[in-house]
There are 2 protein chains.
Amino acid sequence: MNAPQMTRNQALVFDVLEKAEGPLSAYTILDKLRDQGFRAPLQVYRALEKLLEYGVVHRLESINSFVACAHPGENCHSHGIVAFAICESCGQVMEFHDHEVDHRLMGWVRSQKFKPAKTTIEIRGTCEACAA
Amino acid sequence: MNAPQMTRNQALVFDVLEKAEGPLSAYTILDKLRDQGFRAPLQVYRALEKLLEYGVVHRLESINSFVACAHPGENCHSHGIVAFAICESCGQVMEFHDHEVDHRLMGWVRSQKFKPAKTTIEIRGTCEACAA
DNA sequence: TTGCACACGTTATAGCATAACGCAATTGAT
DNA sequence: ATCAATTGCGTTATGCTATAACGTGTGCAA
C-alpha cells in the first residue's frame with residue numbers, strides 16, 4: 001500500500017503524530033486538533049485508519065495509542081514484522097525489526113497452517129535514560 | 001509468582017475462562033457470573049488482576065480479552081515469552097513459546113539497555129480450520 | 001447526467017477500564 | 001487477646017476507547 005495524496009484531515013493527524021515526542025491516543029490527537037476544526041473522535045479514527053493502511057503510522061495495541069512510523073518516506077509494511085519497545089516511564093517508543101524473529105514466528109505459523117494477517121510485538125519496560 | 005489459594009471471586013472468574021472455547025472480554029465474564037452474584041465490572045477486573053499475577057491467565061492486548069493459560073497446573077511465567085495466534089474468524093487462540101524469539105528480542109533489548117517488564121506477541125489471522 | 005466511490009460532519013451509543021469510598025475478614029506482631 | 005496492617009469485597013460514579021448510523025458534498029467515469 002503506497003500513500004496517495006493525503007486528505008486534509010489525514011495530513012493534520014499525521015502531522016500531530018510526527019511532531020509528538022511519543023505515542024498519542026486518538027482522543028489526545030483530537031484535543032490537539034480542536035483549533036483546526038476537529039470536533040469528533042471519528043474524524044481522528046477515520047484518518048488513522050487510512051494512515052495505518054498507508055503504512056505511515058503504527059498502532060500500539062498494548063497502550064491504545066498511535067505513533068508515526070520511524071522510517072520517514074519509507075513504507076513500513078515492507079520491513080517485515082515491526083517490534084516496539086515502549087518506555088512506561090517517559091513514553092518514548094523505539095521501533096525495530098528482526099528478520100530472525102520474523103522467520104521463527106512465520107515458521108511456527110506455517111507449521112500450523114495459520115494465515116497471519118497482522119502481528120504485534122510490543123515490549124513494555126524502562127528505557128536506558130529512565131532506568132537511571 | 002505462585003498461586004496461593006484463590007478467593008471465591010478469583011475461582012469463579014478462572015472457572016469461566018477455563019471452560020470457555022476462546023478468549024473472553026471482562027464484560028462477557030461479568031455477564032456469565034451474574035447468577036453467582038456478580039454485579040460490577042470491578043469484581044471481574046480485580047479477580048483478573050490477581051489471576052494475571054499468578055500466571056494462570058493471559059491478557060490478549062490486541063483484542064482486549066483474557067484467556068486461561070494453556071498449561072494447566074504450570075506457571076506460565078516460567079516459560080519465557082508467550083506468543084499467541086488468534087483466529088479472527090472463530091476466536092480460537094493458540095499459545096506457544098519460542099526460545100529463539102525470546103533470545104533475539106532480549107538480545108536487542110539488552111543492546112539498548114532497555115529493561116523489559118512485559119512482552120506481548122500476538123499474531124492475528126485465520127486458523128487452518130477457518131481458512132478452508 | 002447519472003451513478004458510484006470516497007471523504008467528511010454529526011449525533012448517539014457501545015465497549016473497556018478505573019477512581020474513590022467504606023466495610024468485613026484475615027493475619028501477625030506485640 | 002488486641003491492635004494495626006493488609007487484603008478482598010461491594011457499590012457508585014466516572015473516564016477513556018471505539019464504532020454505528022445517518023446525511024452531505026465532491027469528483028470522476030460511463
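- Counting only heavy atoms from C-beta outward, the side chains of B/Trp108 and B/His103 never approach each other to under 4.5 Å.
- Transitive grouping of hydrophobic side chains (ILVMFWY, heavy atoms separated by less than 4.5 Å) keeps B/Met94 and B/Val56 in distinct clusters.
- Side-chain proximity of A/Gln43 to the nucleotides D/dT11, D/dA18, C/dG9 is greatest for C/dG9.
- Looking only at side-chain heavy atoms (C-beta outward), A/Val57 and A/Phe14 come within less than 4.5 Å of each other.
- Between A/Phe84 and A/His58, the ring center distance clears the sub-6.0 Å criterion.
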**Study point:** Candidate pair A/Thr120 and B/Glu122, rule side-chain hydrogen bond (donor to acceptor under 3.5 Å, both in side chains), full reasoning
**Key:** CA-CA 5 Å; A/Thr120 296; B/Glu122 296 175 18; 5.7 Å; no
Protein-nucleotides 19-21 of chain D N/O pairs under 3.5 Å:
none

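- Contact check on B/Lys50 versus B/Glu53 returns a salt bridge, with a Lys/Arg side-chain nitrogen under 4.0 Å from an Asp/Glu carboxylate oxygen.
- One atom, CD of B/Glu49, and another, P of C/dC16, lie 18 Å apart when rounded to the nearest Å.
- The interatomic distance linking B/Phe66 (CZ) with C/dG15 (P) rounds to 16 Å, in whole Å.
- Taking the six-membered ring for Trp and thresholds of 30 and 60 degrees, A/His71 and A/His97 have ring planes inclined between 30 and 60 degrees apart.
- Using a 4.0 Å cut-off between charged nitrogen and carboxylate oxygen, A/Arg124 and B/Glu61 count as a salt-bridge pair.
- As a whole-Å value, the separation of A/Leu60 CG from D/dT17 P is 13 Å.
- For the pair A/Asn64 CG and C/dA17 P, the interatomic distance rounds to 8 Å; values are reported in whole Å.
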Shorter than 3.5 Å, N or O on both sides, protein versus nucleotides 6-8 of chain D: list them out with atom names.
{"unit_1": "D/dG8", "atom_1": "OP2", "unit_2": "B/Lys50", "atom_2": "NZ", "d": "3.4"}

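- For B/Gln43 (side chain) and B/Ala40 (main-chain N/O), a donor-acceptor pair under 3.5 Å exists by modelled atom type.
- Atom CG in A/Leu24 sits about 15 Å away from atom C1' in D/dC16, given to the nearest Å.
- B/Leu48 places its CG atom 15 Å from the C1' atom of D/dC9, with the value rounded to the nearest Å.
- Between B/Ile63 atom CD1 and C/dG15 atom P there is a gap of 15 Å when expressed in whole angstrom units.
- The nearest whole Å value for the distance from the CZ atom in A/Phe38 to the P atom in C/dT10 is 11 Å.
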